[in-house]
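Only one structure is covered here, and it is reproduced in the block below.
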Protein chains: 2
Amino acid sequence: MVDKLPAPARIRALPSWLLGRAAAHGRGLVREALAGDGMPMLHHLVLIAVREYGPVAQAELARAVGIDPKDMVAILNSLQADGLVTRTPDPHDRRKNAIAATPAGERRLARQEPLVDAAMDDLLAPLSATERATFTALLTRVVAAADPDTPTVS
Amino acid sequence: MVDKLPAPARIRALPSWLLGRAAAHGRGLVREALAGDGMPMLHHLVLIAVREYGPVAQAELARAVGIDPKDMVAILNSLQADGLVTRTPDPHDRRKNAIAATPAGERRLARQEPLVDAAMDDLLAPLSATERATFTALLTRVVAAADPDTPTVS
DNA sequence: CGAAAATCGTGGGTGGGCCCAACGGTATGC
DNA sequence: GCATACCGTTGGGCCCACCCACGATTTTCG
């Protein structure tokens, strides 16, 4: 069987292409890891955000993680149906719902985080510990420049 | 005006998240740069691939750059209409078209490549020359592990 | 040598992510 | 008290990336 042509060398050398490939791979690994626990990636993301910021309004949540408010409704419906979050009216502002994680939600995340961490290990497997630190530090600076309003982690 | 909450710290520390942000930024920069010359990003990608491999079959092209054959038809229609590629029946295999770049196509790429290079400079602006080399080398290794059948550039 | 399988180019279709707008209800600011 | 803004929800829509099917052609296999 004849081999498949690779993408052109010019393209394969572009950092934006490399970042795209790496990002797609990373996303795939995370999606796969979470599928093992039966949860879509965005649901996980939202649950993490609820745990960190809860109780929190839906609109606030949607802005924090960059999800369309309409799509956030569906995700919260699903998380609520599974007993992982609660949705209660905000006592101080009746326009808002106060979204909070339940103990079941926190347990679910406790189970999932090692899966995601393992996916990250897999993603950076070709790099030594020192190289990973270097890579992540440089990547963080690139991202910080792109998104100056978001604090970085260090 | 109250500040917007950032994505959760746990998420912002994940290499897959960072890669996703950096990749989106890179894509945005390239798209913007090429829009300056009035060409969508995938059209540019395909034209580069045609220049490198032409004359080449559509299906081969689609596999090389990871574009759906159906979408490749539309892209080639547009490039052909603009006089940037030719589409002729393969004399040895009537199933196939032989796609080749025209001199106008090559000139168009010659104009666009500095734009894309400038976008890459912009993307990696926070890094020194040494850091860029380190970052790209590490990124290349991560991508090589994800896609072992594709040769890397070095 | 003929039938089956595979490939090619093209068209139809779908789902997810994102955009915009509208609505009724509520809160804020002047 | 009124205008403006925000909230949550819903609806409509677009675009992109992907899936599948079809007729024509080539390749493979018994």
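Chain letters run A, B, ... following the sequence lines, proteins first, then strands; residues in each count from 1. Predicted model, so just to flag it, every value in this text is computed and none were measured.
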Sugar-phosphate, base or nothing in reach of B/Leu42, heavy atoms under 4.0 Å: sugar-phosphate
Nearest-0.5 Å distance, CD1 of residue B/Ile48 to CG of residue B/Leu109: 4.5 Å
Euclidean distance, B/Ile11 CD1 relative to B/Arg21 CZ, rounded to 0.5 Å: 11.0 Å
Sidechain N-carboxylate O distance under 4.0 Å for A/Arg51, A/Glu113: yes
Under 3.5 Å, side-chain donor or acceptor atoms of residues 114-130 of chain A against the rest of the protein: list the pairs with distances, not counting sequence neighbours.
from     : atom 1 : to       : atom 2 : distance (Å)
A/Asp117 : OD1    : B/Arg10  : NH1    : 3.1
A/Asp117 : OD1    : B/Arg10  : NH2    : 3.1
A/Asp121 : OD1    : A/Arg132 : NH1    : 3.2
A/Ser128 : OG     : A/Glu131 : N      : 3.2
A/Ser128 : OG     : A/Glu131 : OE1    : 3.4

May I have the distance from [X] (atom [atom1]) to [N] (atom [atom2]), rounded to whole angstrom?
X       : N      : atom1 : atom2 : value
A/Glu60 : D/dG8  : CD    : C1'   : 14 Å
B/His43 : D/dC15 : NE2   : C1'   : 14 Å
A/Leu61 : D/dC6  : CG    : P     : 18 Å

A/Gln58 side-chain N/O to D/dT9 phosphate OP1/OP2 under 4.0 Å: yes
Below 4.0 Å: OP1/OP2 of C/dC8 and any side-chain N or O of B/Arg63: yes
All pairs passing salt bridge (Lys or Arg N to Asp or Glu O under 4.0 Å) where residues 73-100 of chain A contributes a residue, at least two apart: A/Asp93-A/Arg95
Over all atoms of both residues, closest heavy-atom pair of B/Leu79 and B/Leu47: CD1-N, 4.3 Å
Nucleotide nearest A/Ala59 (side chain, heavy atoms from C-beta), chosen from C/dG17, D/dG8, D/dA17: D/dG8
Nucleic acid contacts of residues 66-99 of chain B, taken as heavy-atom distances under 4.0 Å to DNA chain D: B/Asp68, B/Lys70, B/Asp71, B/Asp93, B/Arg94, B/Arg95
